[in-house]
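See below for the structure under consideration.
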Amino acid sequence: MSNAAAPAPERPDRSDVPAHVAIIMDGNGRWAAARGLPRAEGHRRGVEALRRVVRASHELGIRYLTIFSFSSENWSRPASEIGDLFGLLRRFIRNDLASLHRDGVKVRIIGERDGLEGDICALLNEAEELTRDNTRLTLVVAFNYGSRQEIAKAAQKLAREVADGKRDPETIDADALGAHLDAPDIPDPDLIIRTSGEQRLSNFLMWQAAYSELVFVPLHWPDFDKAALESAIAEFARRERRFGGLVAKSAS
Ligand code: FPP
């Protein structure tokens with residue numbers, strides 16, 4: 001069969017590439033179920049998709065890539081699935097950290113580390129430490145992360161500063177709260193992609209998403225690839241961003 005009639009993948013103009021892309025990697029379970037495979041296989045293939053997308057991100061010139069890899073609400077899943085997801089994170093860091101470092105990727109972790117097993121915390125710290133001076137792409141891994149929890153924690157820190165006499169309550173504004181979130185130095189996402197057709201944020205970066213463009217993709221996460229990322233970026237480039245004003249402008 002000839003490929004002549006296949007539509008060319010949409011290639012974004014480099015100037016349209018968003019600085020920060022965040023992804024809700026949804027649909028691993030449905031991908032596996034559709035093939036009669038265990039959910040764990042869907043997650044394993046999800047890690048392969050993640051490797052592809054990290055590579056594609058630095059090829060395309062994306063500066064920050066945030067991925068939702070384990071949510072605060074994922075604890076309600078069966079213990080065996082939680083074990084699978086933690087096992088994949090361990091393996092991802094052990095197997096991929098050296099090549100991420102070689103490729104100039106800086107790893108940052110957001111989310112709650114209290115209560116995580118010691119070896120997981122050690123791996124997360126090692127990934128951040130080893131890659132701290134890299135500058136090509138920042139990969140932000142949201143692990144044991146929930147946006148409401150992150151905002152509540154920021155409010156707690158501000159309240160403590162007030163209680164300790166270090167802050168006047170009148171100085172608490174959006175900038176002050178934003179500065180107490182998990183990664184205040186990282187710009188807000190320009191584009192948030194969710195795979196598998198669901199159209200919601202599910203407690204992901206709700207503060208930071210105030211002016212993000214949202215793109216929902218029907219593919220399940222294990223099928224997501226560079227062409228799908230390019231299509232999402234092309235859709236982003238067609239949007240008019242006004243940030244509450246009247247004239248379209250860019251975030252920077
Ligand atoms: C959603 O699929 C995906 C997750 C809950 C976790 C995403 C995790 C990975 C891609 C692999 C682990 C990541 C790292 C960094 C090692 P789902 O299970 O909710 O799918 P479903 O909605 O079809 O059931």
Side-chain angles (χ1 to χ4, degrees), residues 21-57 64-101 103 105-113 116-117 119-128 130-131 137-147 149 182-183 192-205 216-226 228-229:
V21 176
I23 308 186
I24 302 176
M25 310 180 290
D26 197 9
N28 295 346
R30 275 163 286 170
W31 181 93
R35 289 159 181 80
L37 296 169
R39 292 178 61 81
E41 181 60 15
H43 294 313
R44 200 187 64 73
R45 295 290 288 264
V47 176
E48 288 176 14
L50 173 60
R51 289 193 184 102
R52 286 197 294 276
V53 168
V54 171
R55 206 173 317 120
S57 296
Y64 302 89
L65 174 68
T66 299
I67 51 158
F68 204 4
S69 75
F70 189 85
S71 85
S72 314
E73 287 70 37
N74 286 153
W75 291 105
S76 63
R77 295 192 177 204
S80 60
E81 182 163 345
I82 294 172
D84 291 336
L85 288 167
F86 276 65
L88 282 171
L89 179 75
R90 284 186 176 93
R91 252 170 284 149
F92 179 70
I93 295 181
R94 288 191 189 122
N95 298 341
D96 292 51
L97 185 58
S99 68
L100 290 170
H101 184 42
D103 290 342
V105 177
K106 177 192 229 167
V107 178
R108 295 281 300 274
I109 316 291
I110 56 172
E112 188 54 62
R113 292 194 212 186
L116 292 179
E117 289 172 43
D119 72 311
I120 290 269
C121 287
L123 281 170
L124 299 179
N125 291 339
E126 182 192 338
E128 285 190 314
L130 178 71
T131 63
L137 167 74
T138 300
L139 173 65
V140 184
V141 180
F143 192 79
N144 196 23
Y145 174 84
S147 197
Q149 291 85 337
D182 287 358
I192 298 181
I193 300 170
R194 182 171 186 148
T195 57
S196 94
E198 309 293 346
Q199 303 196 0
R200 54 180 172 269
L201 282 179
S202 299
N203 206 13
F204 182 53
L205 303 181
F216 301 103
V217 175
L219 293 173
H220 293 316
W221 175 250
D223 290 328
F224 197 84
D225 58 9
K226 186 176 183 184
L229 179 61

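Whatever order the structure lists them in is the order used to number ligands and atoms, beginning at 1.
- Considering backbone and side-chain N/O of S69, none are found under 3.5 Å from N/O of ligand 1.
- For R200, the side-chain contact (heavy atoms from CB on, under 4.5 Å) partners two or more places apart in sequence, or in a different chain, are R194, E198, S202.
- Ring orientation note: the planes of F86 and W75 are tilted relative to one another, at an angle of 30° to 60°.
- Using a non-hydrogen distance threshold of 4.0 Å, R91 does not register as a contact of ligand 1.
- Taking 4.0 Å as the cut-off between side-chain N and carboxylate O, R51 and E48 do not count as a salt-bridged pair.
- Looking at atom 7 (C) of ligand 1, its nearest protein heavy atom turns out to be N28 ND2, 3.7 Å.
- Under the 4.0 angstrom criterion for non-hydrogen atoms, S196 is not in contact with ligand 1.
- In this structure, R77 has a heavy atom closer than 4.0 Å to ligand 1.
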Please report the C-alpha distance between E81 and N74 in whole Å, then the side-chain angles of each, then the deciding distance to 0.1 Å, and finally whether the side-chain hydrogen bond (donor to acceptor under 3.5 Å, both in side chains) criterion is met.
CA-CA 9 Å; E81 182 163 345; N74 286 153; over 6 Å; no

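- Contacts between R39 and ligand 1, counted as non-hydrogen atom pairs separated by less than 4.0 Å, involve the side chain only.
- For the pair N28 and P222, the tightest heavy-atom approach, listed with the atom from each and the gap, is OD1-CD, 3.4 Å.
- Under 4.0 angstrom from ligand 1, there are no non-hydrogen atoms of V141.
- Between W31 and ligand 1, a contact under 3.5 Å exists for no N or O pair.
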